[in-house]
Amino acid sequence: MIRKLLRRVFSKAPAAAAGEAALIPFERHGIRREAVSPGARQTVARLQEHGHAAYVVGGAVRDLLAGIAPKDFDVATDATPEQVRALFRRSRIIGRRFRIVHVMSGGETIEVSTFRAANGSETETDTHGRVLRDNAFGSIAEDAARRDFTINALYYNPADETITDYHHGVADLQEKALRMIGDPRSRYREDPVRMLRAVRLAAKLGLTIAPAARAPIREMATLLENVPAARLLDEMLKLLLSGHAVACLRQLREEGLHHGLLPLLDVIMEQPLGERFVWLSLASTDARVKAGKRASPGFLFATLLWHEVLAAWAARKQAGEAAIPALHAAMDEVLDLQGGKLAITRRIAADIKEIWLLQPRLENRAGRRPLRVVEQPRFRAGFDFLLLRAESGEVDGELADWWRCFIDAGTEARLAMLAPEKKPGRRRRGRRKPVGDGADGEA
Ligand code: ATP
Ligand code: MG
C-alpha cells in the first residue's frame with residue numbers, strides 16, 4: 001500500500017509496464033554529470049560517439065543517489081568486449097566467468113561490461129544451480145533483469161543526465177528497501193554470494209532487506225559452502241573493510257550467515273574475552289575506514305583469529321611445548337583450519353603471523369629488547385594490536401601505556417625506561433624508574 005502510494009508520488013510518469021523502463025530526469029534524482037568521475041564520463045562519451053549505448057551503472061549510481069561518494073565507476077554498454085578494447089588504447093579484456101574490459105583513464109580503472117542476456121540454456125551451472133560462466137550478450141532490459149537488487153539496476157546517462165530504471169530502484173532506495181529482482185530463492189541459488197551482498201548493502205546504506213529477500217537466507221545459507229574460497233575472501237574483505245563491519249557482522253549473525261565463513265567465528269563470538277576483542281577490532285577498523293585511513297586485511301584477520309591462537313597456544317604449552325615453538329605451531333594450526341575456507345593468501349597470512357609474533361615480544365620488556373622491537377617493520381601494527389588487547393582486558397593496560405610512552409620518548413628517555421634483565425646474581429645498575437614488573441613473562 002505505502003509502496004504503491006510512494007511510487008505514485010515519485011513517478012510522475014505513468015507506471016512502467018513490465019519490461020518497460022522509467023526514464024527519470026535530473027529534476028527527480030539530482031545527479032549532475034560532474035558527480036561522475038572524469039574517466040567514466042570520457043569512457044561513456046567515447047563509446048557513445050562511436051554509436052554505442054553506454055551508461056554509468058550499478059553501485060556508483062546507487063551510491064550517488066544515496067549521497068555517498070562511489071568507490072569506483074562501472075560502465076555498461078552494448079559494445080562487445082572486443083569493440084570496447086579497440087576503442088581504448090589503454091584497456092584489456094579480463095575475466096572468465098564474466099568477460100569485461102578494464103579501461104585505464106588517468107589514475108582510474110573503469111570496468112566496462114557488455115549488456116548480458118537473460119540466463120538461458122547456454123548458461124553453465126554447477127550441480128547446485130550456481131552459475132559458472134555466461135557470456136551471452138543481450139539488451140539493456142535483459143542486463144537490468146540480471147542484476148541482483150533493484151537499487152543496483154540503474155543506468156545513468158551523463159549526456160542527458162537521465163536515469164533509466166527498469167525495476168523501481170530509485171523509489172526503493174527512497175523507501176530504504178533492499179529488494180531482489182526476480183525470485184529471491186532462484187537468485188540466491190544462481191549465486192549464493194548475493195546473500196552476503198544483501199547484508200553488506202543493507203548495512204552500508206541503512207536499508208531494510210525486504211521480507212521476500214530476507215526470509216530464504218537462513219535456510220539457504222549452507223549454499224555458501226559451494227562458493228570458491230577466493231570469491232568468499234573477496235566478499236568478506238569488502239564486507240569487513242566497508243566501514244560498516246560492525247553492522248554487517250551483527251546482521252550476518254542475525255541471518256545465521258556467519259557459520260560457513262570463518263568456521264570458528266561463532267565460537268569466537270561466544271567467548272567473553274574473544275567476543276569483546278573482535279567487536280572492538282571491528283569498531284576500530286570501521287573508524288579507520290570512515291576517517292579515510294588504510295585498514296589492512298592482515299590486521300583484521302589477525303584480530304578475528306587471535307583468541308583461537310591463544311587457545312591453541314595455551315593447550316600446547318600445557319602439554320609441555322616451549323613457548324615460542326608452541327606459538328608457531330598454534331598459528332599454523334589456526335591458519336590451516338580457518339584459512340582454507342577463505343583462501344587467505346600467503347601474503348595476508350604472512351602479515352597475520354608477523355602481528356601475532358610481535359605480541360610476546362611486546363610483552364617482554366627485559367633488557368634492551370624494546371629498542372629492537374620498536375625497529376621492526378610491522379611494529380606499528382603489532383602495537384595497535386596490543387592496544388586492542390589491552391582495551392579488551394586481555395593484557396594489563398599498563399603495558400600499552402608503557403609502550404605509548406616509549407614510542408614518544410627520545411633516545412635518552414627510552415634508555416631510562418628500560419628494565420634490567422632479570423638474571424639472578426646480576427646487580428642492578430643505578431636507579432631506574434619502576435616499569436611494572438619488567439615483564440619478561442613468557443606471555
Ligand atoms: P560496491 O562497489 O559498493 O561493493 P556494487 O554493487 O557496486 O557495490 P560490484 O561488485 O562493484 O558491487 O558490482 C557492480 C554491479 O554489478 C552491482 O551494482 C550489480 O548491478 C551487479 N552485480 C554485482 N554482483 C552481482 C551478483 N552477484 N549478481 C547480480 N548482479 C551483480
Ligand atoms: Mg562497485
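Each ligand, and each atom within it, is numbered from 1 in the order the structure gives.
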Requested in this report: Would you check ligand 1 and list the protein residues that come within less than 4.0 Å of it by any heavy atom, ordered by chain and number?
Outcome: Gly58, Gly59, Arg62, Lys71, Asp74, Arg146, Arg147, Asp148, Asn152, Asp191, Arg194, Arg197, Arg200, Lys204, Arg231, Lys238
Query raised in the report: Are Arg32 and Phe26 in a cation-pi setup, meaning NZ or CZ lies under 6.0 angstrom from the ring centre and within 45 degrees of the ring axis?
Result: yes
Query raised in the report: Between His167 and Gly169, is there a donor-acceptor pair closer than 3.5 Å when you use the side chain of the first and the backbone of the second?
Result: no
Query raised in the report: Between Trp402 and Phe406, what is the ring plane arrangement, given parallel below 30°, perpendicular above 60°, and tilted in between?
Result: parallel
Report summary line: Between Val101 and Ser91, the two heavy atoms sitting closest are CG1-CB, 3.9 Å
Report task. For residues Phe379 and Phe385, establish whether the separation of their ring centroids is below 6.0 Å. Result -> no
Query raised in the report: Applying the salt bridge (charged side-chain N to carboxylate O under 4.0 Å, His left out) test to Asp148, which of Arg179, Arg194, Arg197 qualifies?
Result: Arg197
